[in-house]
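Single-structure report; data block below.
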Amino acid sequence: MSILSTQAELELKFDAILAECPVWDDRNNLLYWVDILSGKLYRYNPQQRNNIEFEIDEHIGSLALCEDQGAVLALKSGFALFDFEKRKMKHLYDPEIDLSNNRFNDGKCDPSGRFWAGTLSYDQQQGVGSLYCLNTNLSVHKKLRNLTIPNGMAWSIDEQTFYFIDSHDHIIYAFDFDMMTGELQNRSVIFTLDHSEALPDGMTIDTEGKLWVALYNGFKVIRVDPTSGEVMHEILLPVPQVTSCDVWGT
């Protein structure tokens with residue numbers, strides 16, 4: 001099967017330390033993203049081409065938008081809520097308060113509104129990270145353990161499969177997913193990236209059920225068929241360290 005190749009165009013030039021977690025707000029046509037190690041969250045308006053900064057004052061791995069125009073954040077100090085208008089934060093819970101060398105990394109909401117986010121150590125020590133789920137009642141549960149670089153997450157269109165990347169493994173995993181309970185079962189491998197290639201990082205899913213995966217040190221994003229494991233499309237970027245991607249309609 002031939003791979004369709006497309007060259008991406010630069011939209012915003014910004015010298016971020018570690019840019020991550022693009023989240024498209026389809027209600028207001030805005031793009032939110034974070035610069036993890038600078039401790040800042042940004043809101044980009046593509047129509048006005050302005051990029052507004054929100055100072056978080058600690059390392060921020062990911063965010064998800066709330067219905068009330070605020071956001072839930074995954075921080076060095078755990079989960080928190082953020083009010084964009086007041087620029088105020090409310091800390092919720094730190095499940096790893098005893099692990100001072102860990103921080104939260106990538107995160108995403110499932111179709112029921114639960115926020116999932118993974119942790120890793122600053123020196124990327126093998127097996128010390130975990131995947132947590134912040135439920136809509138604000139309780140927190142550990143879903144996976146013994147992770148190293150937890151990254152991309154996506155849920156299938158029928159909401160029965162959870163896709164997950166631990167970049168250290170160079171693998172996209174699939175789990176049977178119970179939408180009612182959020183439970184994971186029956187892990188399987190659907191795609192493996194050669195270890196001589198880049199690291200699979202952030203991930204999203206499109207309306208046809210295909211996965212889009214950012215390749216760190218790979219200069220591109222690839223589209224993967226989760227059923228066959230074939231790479232269908234690649235989008236080439238002018239930067240090597242591609243961390244994440246999002247898709248939206250127009």
Side-chain angles (χ1 to χ4, degrees), residues 16-23 33-39 58-64 73-79 94-96 98-110 115-134 140-155 162-175 184 187-205 211-222 224 226 229 231 237 239-246:
I17 302 172
L18 183 55
E20 257 286 7
C21 194
V23 177
W33 61 282
V34 305
D35 188 4
I36 294 177
L37 299 180
S38 75
E58 64 173 290
H59 293 171
I60 170 174
S62 51
L63 78 147
L73 311 180
L75 306 171
K76 170 70 172 69
S77 62
F79 294 109
D94 185 357
E96 296 193 347
D98 57 329
L99 299 175
S100 61
N101 195 44
N102 275 18
R103 66 165 176 83
F104 268 99
N105 197 44
D106 207 356
K108 190 171 290 186
C109 271
D110 70 20
F115 182 53
W116 298 63
T119 61
L120 77 168
S121 68
Y122 280 97
D123 55 2
Q124 297 180 7
Q125 183 180 347
Q126 189 169 347
V128 301
S130 298
L131 178 66
Y132 294 91
C133 177
L134 174 67
V140 176
H141 293 98
K142 184 183 292 188
K143 295 297 185 177
L144 297 173
R145 61 185 71 236
N146 300 321
L147 306 176
T148 303
I149 313 176
N151 262 312
M153 286 169 257
W155 286 264
F162 172 60
Y163 301 107
F164 175 72
I165 292 171
D166 187 335
S167 297
H168 173 268
D169 298 341
H170 288 72
I171 288 172
I172 302 177
Y173 295 102
F175 296 81
L184 306 176
R187 185 178 75 170
S188 61
V189 174
I190 63 166
F191 180 78
T192 301
L193 193 70
D194 190 288
H195 278 234
S196 64
E197 299 184 46
L199 293 173
D201 201 318
M203 177 171 60
T204 190
I205 194 166
L211 299 170
W212 292 86
V213 184
L215 299 188
Y216 191 86
N217 286 331
F219 288 91
K220 60 187 174 182
V221 172
I222 58 174
V224 176
V231 177
L237 287 92
V239 292
Q241 296 172 339
V242 187
T243 61
S244 193
C245 52
D246 198 6

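This structure is a prediction, so every number in the text was calculated from the model and none was measured.
Of the inter-residue distances, the one linking Gln125 atom CD with Leu99 atom CG reads 10.0 Å to the nearest 0.5 angstrom. Put simply, OG1 on Thr192 and NE2 on His170 are 10.0 Å apart, with the number rounded to the nearest 0.5 Å. Expressed to the nearest 0.5 Å, how far CH2 of Trp212 lies from OG1 of Thr204 amounts to 10.5 Å.
Between Phe191 and Ile222, some side-chain heavy-atom pair lies under the 4.5 Å cut-off. A heavy-atom distance below 4.5 Å is found between the side chains of Leu193 and Leu215. In this structure, the side chains of Phe164 and Leu147 come closer than 4.5 Å at one or more pairs of heavy atoms. Contact check for His59 versus Leu37: side-chain heavy atoms found under the 4.5 Å cut-off. Taking 4.5 Å as the limit, every side-chain heavy atom of Thr119 sits out of range of all side-chain heavy atoms of Arg103. Between Asp110 and Phe162 the shortest side-chain heavy-atom distance does not fall below 4.5 Å. Annotation: side chain of Thr243 is in contact with side chain of Tyr216 (closest heavy-atom distance under 4.5 Å).
When Phe104, Tyr132, Trp116 are each tested for a ring-ring contact (aromatic ring centres under 6.0 Å, His included) with Phe79, only one passes: Phe104. Just one residue in the list Asn151, Thr148, Asp106 forms a side chain to side chain donor-acceptor pair (under 3.5 Å) with Ser167, and that residue is Asn151.
Between Met203 and Ala154, the shortest heavy-atom distance links the atoms CE-N, 4.2 Å. Here the shortest heavy-atom pairing between Met153 and Ala117 reads CE-CA, 4.3 Å. Listed here is the closest heavy atom pair of Arg145 and Ser130: CA-OG, 3.9 Å. Nearest heavy-atom pair across Ser62 and Gly107 is OG-N, 3.0 Å. Among all heavy-atom pairs drawn from Val23 and Leu63, the shortest one is CG2-O, 3.6 Å. Taking every heavy atom of both residues into account, His195 and Asp169 meet most closely at NE2-O, 3.6 Å.
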Report task. Dump the intermediate steps for side chain to side chain contact (heavy atoms under 4.5 Å, CB included) on Leu199 and Asn217, then the final yes or no. Result -> CA-CA 7 Å; Leu199 293 173; Asn217 286 331; 5.7 Å; no
Requested in this report: Would you sort out whether Val140 and Leu134 count as a side chain to side chain contact (heavy atoms under 4.5 Å, CB included), showing the intermediate values?
Outcome: CA-CA 5 Å; Val140 176; Leu134 174 67; 3.6 Å; yes
Requested in this report: Start with the C-alpha distance between His168 and Leu120, add both sets of side-chain angles, then the distance that settles side chain to side chain contact (heavy atoms under 4.5 Å, CB included), and finish with yes or no.
Outcome: CA-CA 11 Å; His168 173 268; Leu120 77 168; over 6 Å; no
Requested in this report: Might you work through the side chain to side chain contact (heavy atoms under 4.5 Å, CB included) test for Leu211 and Ile190, ending with a clear yes or no?
Outcome: CA-CA 11 Å; Leu211 299 170; Ile190 63 166; 3.8 Å; yes
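Remark: side-chain polar atoms of Asn102 are paired, donor with acceptor, to backbone N or O of Val128 under 3.5 angstrom. Side chain of Asp35 to backbone of Ile17: a donor-acceptor contact under 3.5 angstrom is found. Between the side chain of Lys108 and the backbone N or O of Cys21, no donor-acceptor pair lies under 3.5 Å. With hydrogens and angles disregarded, no donor-acceptor distance shorter than 3.5 Å links the side chain of Asp201 to the backbone of Ala214. For the pair Ser244 (side chain) and Gly202 (backbone), a donor-acceptor distance under 3.5 Å is absent.
The aromatic rings of Phe175 and Tyr173 are tilted relative to each other, their planes meeting at an angle between 30° and 60°.
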